[in-house]
Amino acid sequence: MESGKRLRNKIKYVIIVPIILALILVGIVALSFGLEAKETFIALGIAAAYVVVVIVVYVKMLPTISAAVTDYSLEQGKVQKEMLHGLAVPYVLLDTDGRVLWANAMFYKMVDIKEKKNIHGRMDKYIPELDSSLFEDLPGETSMEVEYRDHKYNAVIRRMDLSRAFDREDQEERKDDDIVIVMYFFDVTRERLLEKENEDQKLIAGLAYIDNYDEVMDSMDEVRHSTLTALVDRKINMYLANIDAIVKRMENDKYLFVFPQKYMQILRSDRFSLLDEVKAINVRNEIPMTISIGIGAGSNSFQECFENAKVAIGLALGRGGDQAAVKYGDQVSYFGGKSTGTEKNTRVKARVKAQAFEELLENKEKVLIMAHKRPDADAFGSAVGIWRLVTTLKKKAYIVLNDDIEAIRPVVNSFKNVEGYADMLVSGQQAVGMVDQTTMLVVCDVNRPSMTACEELLTMVNTVVVFDHHRQSNEPIENATLSYIEPFASSACELITEMFQYISIKPKIKPVEADAMYAGILIDTDNYQNKTGVRTFEAASYLRKAGADITRVRKMFRSTLTSMKERAQGISNAELYMRVFALSYVDPDPGSGEAPTVPAAKAANELLNVENVKASFVVTEADDGILYVSARSIGDVNVQLVMERFNGGGHATIAGAQLKGKTKEEFFRELRSVLREMSEEGSI
């Protein structure tokens, strides 16, 4: 009733103001004409009569006016309340604790409660999403989307302070009871449905490449070529028909397809079973045919989706093929990739890359060669091979090598006693100071920027070349002018050795260089037991003819008694998980003289000789507090996919990871969870 009192006071002011004005007018008349003038008395009489009339009207009419105004206000309040009650939008009033104070008919209908029944209790009793914590420290107005009984609502929540309508004295005594929460529920179910339909109908671009078309065809009789091709073509078309795709065969081994985005989740759930279906085709072909799939999505532009698909297929092929890569915007996910791939018989790629490298070198004066941190024999051997290529072409070359060389110290020392290699090695800091416009950077045995010996060089040098045999990850060297990544190769040394044969000036390899490169192949293949193909032995034969001495190399990598004990410790600490995974750790001895990763890698290799073991994981901790994981497999398990879960990588049979801020107990706990999860979903 406070508002009624204020309204009556305002009416008083409306009547009193004319009286005051009339009195002022009397004063003005008296001053203008003088008190003795006849006109003055007439004006005063008229003003007095006016004041009397106003006072009489005020006295007589005030109760009537107040009653009429009060009735009008009450009627208006009833109308407004009735309008809110019948509002076509659900409307509810809450207190600051989230309790319902009042609701209109549409809210009763929304929560399916009879209107005669009073709604009490907290809001989350009716809509669980609207927890009372939402109403604490609520700003002036906010909104959120709520899903309730197959409907989606845009809930507008507004905080109202009722004390603003009170007098100043009342505001000073305001309480929390003066705060109410107003909520409107706008049904946006249809809008969201239309948005989803629009999103589902977006076209996604896909590419499917047969990885080993030439190799498979060369391995079988010509009369069966058409049969195999027809079966593969039928499998691809039938599989893609299930997702309403349009398929176009561009070449014998390449397909382009487009399909609506709504089927993307089906492919993810199915984990691209087409990969296994194609691999299972057998028309007495000795080599199973495999395909790679690249899918691009995450853009409103179909052209951008197609570009994403091309990037995705490149990643799938760069990781060895027999897998699918989905590039959704900036995110890339992989499926398949369980097989180790098929060795490529053709050397066309090696010839093309060698010639391209030679052309890039023509306009350069010096080359910086960089491998990964804590380089192994393959990293240093491939760097030496590139050094020989560059110097043969009459350019200056330098190998970036820091102090972390425990694993390759015997090989590095072998160059110190030979003439001509005095300025071959430089540190990362020295290399940074040598960069100018005529500098080329060659990265070997690594394709991840964060793992290079001096990551700063990647941003300083305009021309970057990458030679590597590890599968590509989601962290590529993006500014590479030339990239030769061949996951089928056993080692980076094998790639560089093949390139020797396609350079215009044939390099004359010295025995010490041949030893370094031969050692790289030997170590990476674990004495020719892992990832060894025909081309591996051809490269080893080439280096043997160039002067590589097997006995000399073997002496370089003989283990100390301490390192033998460390390896034995790794075997002794091993435990079997799920009967096929060997998990172990090595506590390195600082006095062993070897890099901490060496005994872990050797222990991982030895554990593969245990019966029924399909993969081994051995961890060790270096002085810098980083955990180094060595993962090995005999081919049944793709350990690279496992290590990628820990931001690592490598090969299907040889992989690793570096972990910061974790203990080995935490790592093994996570590893067990990952192995079980990947085994259950069939991704390894």
**Student:** Sub-3.5 Å donor-acceptor pair from the side chain of Ser572 to the main-chain atoms of Gln569, do we have one?
**Tutor:**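 Here the side-chain-to-backbone pair does not exist.
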**Student:** Quick check against the 3.5 Å criterion: does Ser483 have a side-chain atom that pairs as donor or acceptor with the backbone of Ala480?
**Tutor:**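 Side chain of Ser483 to backbone of Ala480: no pair is present.
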**Student:** Show your reasoning for whether side chain to side chain contact (heavy atoms under 4.5 Å, CB included) applies to Val464 and Met440.
**Tutor:** CA-CA 6 Å; Val464 179; Met440 175 192 286; over 6 Å; no
**Student:** Measure across Gly520 and Ser491 and return the closest heavy-atom pair with its distance rounded to 0.1 Å.
**Tutor:**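 Heavy atoms only, the tightest pair is O-CB, 4.2 Å.
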**Student:** Side chains of residues 357-365: which donor-acceptor pairs under 3.5 Å do they make with residues two or more places apart or in other chains?
**Tutor:**
from   : atom 1 : to     : atom 2 : distance (Å)
Glu358 : OE1    : Ser504 : N      : 3.3
Glu358 : OE2    : Ser504 : OG     : 2.2
Lys364 : NZ     : Thr463 : OG1    : 3.1

**Student:** Could you go through the side chain to side chain contact (heavy atoms under 4.5 Å, CB included) check for Phe500 and Met517 one step at a time?
**Tutor:** CA-CA 12 Å; Phe500 282 171; Met517 298 182 71; 3.9 Å; yes
**Student:** For the residue pair Ile293 and Leu275, establish whether any side-chain heavy-atom pair is separated by less than 4.5 Å.
**Tutor:**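 In short, these two side chains touch, coming nearer than 4.5 Å.
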**Student:** Say whether, by atom type as modelled, one donor and one acceptor occur between the side chain of Asn402 and the main chain of Gly428 under 3.5 angstrom.
**Tutor:**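 Yes, because the side chain of Asn402 sits within donor-acceptor range (under 3.5 Å) of the backbone of Gly428.
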**Student:** What's the verdict on side chain to side chain donor-acceptor pair (under 3.5 Å) for Gln303 and Glu307, showing C-alpha distance, side-chain angles and the deciding distance?
**Tutor:** CA-CA 6 Å; Gln303 185 175 1; Glu307 291 299 322; 5.2 Å; no
**Student:** Quick check against the 3.5 Å criterion: does Gln430 have a side-chain atom that pairs as donor or acceptor with the backbone of Ser427?
**Tutor:**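 Yes; at least one donor-acceptor contact below 3.5 Å.
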**Student:** Counting only heavy atoms not in Asp403, do more than 12 sit closer than 6.0 Å to its CG atom?
**Tutor:**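 No, the 6.0 Å shell around CG holds no more than 12 heavy atoms from other groups.
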**Student:** Side-chain donor-acceptor pair under 3.5 Å between Asn605 and Arg567, yes or no?
**Tutor:**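 No, Arg567 and Asn605 have no side-chain donor paired with an acceptor closer than 3.5 Å.
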**Student:** With a 6.0 Å cut-off (strictly less than), is the heavy-atom count around CD of Gln437, excluding the residue itself, greater than 12?
**Tutor:**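 No - once you tally the heavy atoms of other residues, nucleotides and ligands closer than 6.0 Å, there are 12 at most.
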**Student:** Taking the side chain as every heavy atom from C-beta outward, state whether Glu475 and Arg448 have any atom pair closer than 4.5 Å.
**Tutor:**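 With C-beta onward as the side chain, the pair touches.
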**Student:** Would you say the side chain of Leu458 lies within less than 4.5 Å of the side chain of Glu455, judging by non-hydrogen atoms?
**Tutor:**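 Yes; the side chains approach each other to less than 4.5 Å.
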**Student:** Going through the checks in order, is the salt bridge (Lys or Arg N to Asp or Glu O under 4.0 Å) test met by Glu575 and Arg672?
**Tutor:** CA-CA 12 Å; Glu575 62 171 281; Arg672 290 186 181 94; 3.1 Å; yes
**Student:** If I compare all heavy atoms of Ala492 with all of Ser382, which pair ends up nearest, and what's the gap?
**Tutor:**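 Closest approach of Ala492 to Ser382: CB-CB, 3.7 Å.
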**Student:** For atom CD of Gln429, is the number of surrounding heavy atoms from other residues, nucleotides or ligands below 6.0 Å larger than 12?
**Tutor:**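 No, because the 6.0 Å sphere around CD of Gln429 holds 12 heavy atoms or fewer from other groups.
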**Student:** I'd like to know if the side chain of Asn479 and the backbone of Thr459 have a donor-acceptor N/O pair within less than 3.5 Å.
**Tutor:**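 No; judged by distance alone, with no hydrogens or angles, the pair does not exist.
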**Student:** Does the distance from a Lys or Arg side-chain N to an Asp or Glu carboxylate O, for Lys664 and Glu621, drop under 4.0 Å?
**Tutor:**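 No, this pair does not count.
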**Student:** Any chance you could measure Ser679, atom OG, to Met578, atom CE, to the nearest 0.5 Å?
**Tutor:**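 Ser679 atom OG to Met578 atom CE measures 4.0 Å (nearest 0.5 Å).
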**Student:** Would you call Val465 and Val367 a side-chain contact if the rule is heavy atoms closer than 4.5 Å?
**Tutor:**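 The answer is no, as the side chains (C-beta and beyond) never meet within the 4.5 Å cut-off.
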**Student:** In Å and rounded to the nearest 0.5 Å, what is the OG1 to CD1 distance from Thr392 to Ile509?
**Tutor:**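 These two atoms lie 8.5 Å from each other.
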**Student:** Do any N or O atoms from the side chain of Ser541 and from the backbone of Phe537 form a donor-acceptor pair under 3.5 angstrom?
**Tutor:**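 Between the backbone of Phe537 and the side chain of Ser541 there is no qualifying donor-acceptor contact (under 3.5 Å).
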**Student:** Between Phe467 and Tyr484, what is the ring plane arrangement, given parallel below 30°, perpendicular above 60°, and tilted in between?
**Tutor:**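 Plane angle over 60°, so perpendicular.
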**Student:** What's the spacing between Thr391 OG1 and Arg388 CZ if we round to 0.5 Å?
**Tutor:**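 These two atoms lie 4.0 Å from each other.
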**Student:** Quick check: does any side chain N or O of Lys327 sit under 3.5 Å from a backbone N or O of Gly298, one acting as donor and the other as acceptor?
**Tutor:**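 Side chain of Lys327 to backbone of Gly298, a donor-acceptor pair under 3.5 Å: no, none is there.
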**Student:** Within the distance-only criterion (no hydrogens, no angle test), does the side chain of Asn447 pair as donor or acceptor with the backbone N or O of Pro476 below 3.5 angstrom?
**Tutor:**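 No, Asn447 side chain to Pro476 backbone: no donor-acceptor pair under 3.5 Å.
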**Student:** Mind checking the CE-CG spacing from Met643 to Asn647? Nearest 0.5 Å is all I need.
**Tutor:**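 It comes to 11.0 Å.
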**Student:** Which heavy-atom pair separates Ala350 from Glu498 by the least distance, and what is that distance?
**Tutor:**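 The answer is CB-OE1, 3.9 Å.
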**Student:** Side-chain donor-acceptor contacts of residues 410-425 below 3.5 Å, not counting sequence neighbours, with atom names and distances?
**Tutor:**
from   : atom 1 : to     : atom 2 : distance (Å)
Asn413 : ND2    : Arg409 : O      : 3.2
Ser414 : OG     : Val411 : O      : 2.4
Tyr421 : OH     : Glu513 : OE2    : 2.7

**Student:** Answer yes or no: is there a side-chain heavy-atom contact under 4.5 Å between Glu606 and Lys602?
**Tutor:**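 No, too far: nothing below the 4.5 Å cut-off.
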**Student:** Do Ser292 and Asp211 have a side chain donor and acceptor closer than 3.5 Å?
**Tutor:**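 Note: Ser292 and Asp211 side chains meet the donor-acceptor criterion.
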**Student:** Crowded around Lys395 NZ? As in, over 12 foreign heavy atoms under 6.0 Å?
**Tutor:**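 Yes, the 6.0 Å shell around NZ holds more than 12 heavy atoms from other groups.
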**Student:** Would you name the heavy atoms of Ala604 and Ser616 that are closest together and state the gap between them?
**Tutor:**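 In this case the closest contact between Ala604 and Ser616 is O-OG, 2.7 Å.
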**Student:** Below 4.5 Å, heavy atoms only, C-beta onward: do Phe646 and Val629 meet side chain to side chain?
**Tutor:**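 No. Closest side-chain heavy atoms not under 4.5 Å.
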**Student:** Run the side chain to side chain contact (heavy atoms under 4.5 Å, CB included) test on Phe617 and Leu607 for me, step by step, so that the C-alpha distance in whole Å, both residues' side-chain angles and the decisive distance to 0.1 Å come before the verdict.
**Tutor:** CA-CA 9 Å; Phe617 303 88; Leu607 288 171; over 6 Å; no
**Student:** Report yes if the side chains of Thr653 and Ile634 come closer than 4.5 Å at any heavy-atom pair, otherwise no.
**Tutor:**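 The answer is no, as the side chains (C-beta and beyond) never meet within the 4.5 Å cut-off.
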**Student:** Is it the case that the side chain of Lys506 and the backbone of Gln501 share a donor-acceptor pair, with hydrogens and angles ignored and the cut-off at 3.5 Å?
**Tutor:**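 Yes, Lys506 side chain to Gln501 backbone: donor-acceptor pair under 3.5 Å.
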**Student:** If you round to the nearest 0.5 Å, how far is CE of Met434 from CG of Leu457?
**Tutor:**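 With rounding to 0.5 Å, CG (Leu457) is 10.0 Å from CE (Met434).
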**Student:** Would you say the side chain of Val586 lies within less than 4.5 Å of the side chain of Asn573, judging by non-hydrogen atoms?
**Tutor:**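 Asn573 vs Val586: side chains apart.
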**Student:** Give the intermediate values and the outcome of salt bridge (Lys or Arg N to Asp or Glu O under 4.0 Å) for residues Arg632 and Asp526.
**Tutor:** CA-CA 11 Å; Arg632 299 292 185 269; Asp526 189 21; over 6 Å; no
**Student:** Please confirm whether Lys662 makes a cation-pi placement over Phe667, using NZ or CZ under 6.0 Å from the six-membered ring centre and within 45° of the ring normal.
**Tutor:**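 No, Lys662 does not sit over the ring of Phe667.
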**Student:** Out of curiosity, Asp376 CG to Ile523 CD1, how far, rounded to the nearest 0.5 Å?
**Tutor:**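 Going from CG on Asp376 over to CD1 on Ile523, the span is 8.5 Å.
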**Student:** Quick check: does any side chain N or O of Gln323 sit under 3.5 Å from a backbone N or O of Gly321, one acting as donor and the other as acceptor?
**Tutor:**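 Between the backbone of Gly321 and the side chain of Gln323 there is a qualifying donor-acceptor contact (under 3.5 Å).
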**Student:** Please lay out, stage by stage, how Ile399 and Val384 fare under the test side chain to side chain contact (heavy atoms under 4.5 Å, CB included).
**Tutor:** CA-CA 8 Å; Ile399 298 176; Val384 169; 4.1 Å; yes
**Student:** Would you say NZ of Lys396 has more than 12 non-hydrogen atoms from neighbouring residues, nucleotides or ligands within 6.0 angstrom?
**Tutor:**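 Atom NZ in Lys396 is not crowded, with 12 or fewer foreign heavy atoms closer than 6.0 Å.
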**Student:** Looking only at heavy atoms, which two atoms of Ala431 and Val400 are closest? And how far apart?
**Tutor:**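 Where Ala431 meets Val400 most closely, the heavy atoms are CB-CG2, 3.7 Å.
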**Student:** Looking at Glu665, I want to see if its CD is surrounded by more than 12 non-hydrogen atoms of other residues, nucleotides or ligands under 6.0 Å.
**Tutor:**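 Enclosed: over 12 neighbouring heavy atoms sit under 6.0 Å from CD of Glu665.
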